[in-house]
Amino acid sequence: MAPVALTPVSPPSPTLDSTSKLTKAGTDTLLAQTISNDSRAVADLDASKLTITPNLNPKPVPALTSPEVWTQNVTTDHMLTVRWTLQSGWDAPEIQPYGPLSIMPTASVLHYATECFEGMKAYRGHDGKVRLFRPERNAKRFLQSATRIALPGFPPSEFLKLLKKFVGVEARKWISEPGQFIYIRPTMIATAPALGVQKPKEALMYIMMVMFPPLDEPNPSNTAPAPSSGLAASGTQTNGDSTAKDRASRGMRLLASRHDMIRAWPGGFGNAKVGANYGPSLLAQGEARERGYDQILWLFGDECFVTEAGGMNFFVLLKNQNTGRRELITAPLGDGVILEGVTRASVLDLVRDSRPEVDIVERRFTMQELLEANEEGRLIEAFGAGTAFFISPVADIHFRGMDVVLPLGKAEGHGEFAMAVKKDLKDIMYGALSHEWGVVIDEVEI
Ligand SMILES: *Cc1c(COP(=O)(O)O)cnc(C)c1O
């Protein structure tokens with residue numbers, strides 16, 4: 001198959017053409033078509049057809065503090081799978097023992113990255129109830145991501161029913177204690193065995209659950225020595241008493257991406273949760289880790305627009321130069337460069353509703369602005385927000401030979417704002433605060 005000639009990319013525009021399928025309106029139209037397309041003869045995703053095959057060799061649950069949990073490879077006893085074919089549509093969904101999948105070496109996903117996923121958590125509340133957090137947002141985004149890479153559509157409500165059933169089956173054993181959570185990974189892959197570059201004719205949706213350590217807290221089993229590169233190498237003053245371990249417990253260290261590595265671009269797929277966004281980022285991520293940083297802060301364009309940090313949306317809290325008011329700034333959604341995080345939306349909604357003294361600003365902002373605000377003492381906090389790492393205050397950012405050491409990193413502050421927002425969200429997730437964002441799950445015995 002001859003490769004398609006690449007046309008030169010025109011300079012990035014901040015907003016997309018209104019006829020584009022990638023605009024909000026364009027995606028909504030696509031979604032509406034996907035959802036209302038019930039005139040087809042093929043079967044739609046139907047949660048009422050779910051069958052359950054219990055695992056007869058269940059495994060023990062490791063202690064939360066065990067090193068095994070930090071491998072992020074401890075799955076629960078079951079997985080939920082649903083097959084799809086172009087000819088017959090969605091099969092009956094199944095909950096079955098967790099185990100290997102069987103696909104052909106020619107499967108589309110193995111060659112053309114036809115994979116998308118979701119990341120969410122189920123929480124055992126202090127009231128004993130199990131909750132999901134705004135799961136309808138994940139369901140809708142899962143469909144949007146699938147649509148972006150030509151995987152089959154489905155009614156998000158049916159997906160949500162399946163997800164809830166699955167959580168209800170696993171929760172009793174795998175999140176038995178109040179305050180515990182488990183990570184949920186819905187996935188879709190194109191399984192069609194054919195090397196031709198074409199829309200997949202077969203797919204598999206599956207959901208698994210993985211025990212996660214609390215990534216927003218320091219790793220108790222991490223005895224790695226203090227990183228000596230990064231900050232120290234670039235000559236920044238650090239506190240004499242600051243070791244890597246207590247730095248880690250105080251905040252995330254970010255390494256700004258190099259000009260020759262871009263995560264996403266307007267018209268690309270940075271706004272879809274697809275595997276193709278991650279493979280090419282691992283080289284930079286590996287470098288960050290080697291140099292003692294936790295995540296890459298992804299920049300975009302010659303202006304060095306700040307976009308997001310690893311699998312997290314990125315926020316800065318600073319004092320406006322003119323008004324002196326506090327502003328919570330984060331990158332905008334319109335150009336498709338960032339992923340619309342459920343945590344991002346929730347931080348914005350929460351601050352808008354409960355902290356009128358803080359202005360919310362969704363706009364493009366540059367590294368230069370951050371450096372200036374820092375020099376002028378107007379930079380108050382920065383933090384990352386996402387399901388996996390939750391709300392993580394930033395201690396410092398290394399940007400091409402310069403360091404932005406935040407008040408947190410100087411041990412003058414503790415990320416009060418980020419921590420207060422985190423507490424509010426946590427209260428909803430664990431049921432301390434009754435809120436429509438916390439969706440209670442019925443547990444079942446199988
Ligand atoms: C998943 C993800 C996020 C965070 O989204 P949440 O819904 O808050 O978990 C942010 N950025 C990227 C690139 C992601 O993949």
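Just follow the structure's listing: the first ligand is 1, and inside any ligand the first atom is 1.
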| query | When K422 is tested against each of F417, F390, F383 for side chain to side chain contact (heavy atoms under 4.5 Å, CB included), which residue passes? | reply | F390
| Is there any N or O on R263 that sits under 3.5 Å from an N or O of ligand 1? | no
| said: Using side chain to side chain contact (heavy atoms under 4.5 Å, CB included), reason through I149 and S145 one step at a time and then give a plain yes or no. | reply: CA-CA 7 Å; I149 51 172; S145 300; over 6 Å; no
| message | Return the closest protein heavy atom for atom 11 (N) of ligand 1 as residue, atom name and distance. | response | E308 OE1, 2.5 Å
| request: Answer yes if the side chains of T307 and R263 hold a donor-acceptor pair under 3.5 Å, and no otherwise. | output: no
| field | Partner of K319 by side chain to side chain contact (heavy atoms under 4.5 Å, CB included), out of E327, R325, R378 | value | R378
| Can you list the ligand 1 atoms lying under 4.0 Å from a non-hydrogen atom of Y278? | 12 (C), 13 (C), 14 (C), 15 (O)
| query | Strictly under 4.0 Å, does any heavy atom of E118 approach an atom of ligand 1? | reply | no
| request: Show which atoms of ligand 1 fall inside a sub-4.0 Å distance from at least one heavy-atom site of R141. | output: 5 (O), 6 (P), 7 (O)
| request: Go through ligand 1 atom by atom and flag the ones less than 4.0 Å from a non-hydrogen atom of N313. | output: 10 (C)
| request: Please say whether K273 places an N or O atom under 3.5 Å from an N or O atom belonging to ligand 1. | output: yes
| request: If you have a sec, work out which protein heavy atom is nearest atom 4 (C) of ligand 1 and how many Å separate them, to one decimal? | output: G311 O, 3.5 Å
| query | Purely on distance, is any nitrogen or oxygen of E340 under 3.5 Å from one on ligand 1? | reply | no
| field | For atom 9 (O) of ligand 1, closest protein heavy-atom neighbour | value | T387 OG1, 2.6 Å
Could you give the side-chain donor-acceptor pairs of residues 198-209 under 3.5 Å, partners two or more places apart or in another chain?
from, atom 1, to, atom 2, distance (Å)
Q198, OE1, K201, NZ, 3.1

| said: For atom 8 (O) of ligand 1, what's the nearest protein heavy-atom neighbour? Residue, atom name and distance, please. | reply: T343 OG1, 2.6 Å
| task | Not counting sequence neighbours, which residues clear salt bridge (charged side-chain N to carboxylate O under 4.0 Å, His left out) with D46? List them please. | result | none
| message | Checking side-chain polar atoms at under 3.5 Å, does T75 have a donor or acceptor matched by the opposite partner on K59? | response | yes
| field | Under 3.5 Å: donor-acceptor pair, side chain of R253, backbone of G292 | value | yes
| said: As an exercise, identify every atom of ligand 1 less than 4.0 angstrom from a heavy atom of G341. | reply: 5 (O), 6 (P), 7 (O), 8 (O)
| message | One thing to verify: whether R141 and E118 come together as a salt bridge, which I'm taking to mean a side-chain N less than 4.0 angstrom from a carboxylate O. | response | yes
| said: What I want to know is whether V342 and ligand 1 share at least one N or O pair that is separated by under 3.5 angstrom. | reply: yes
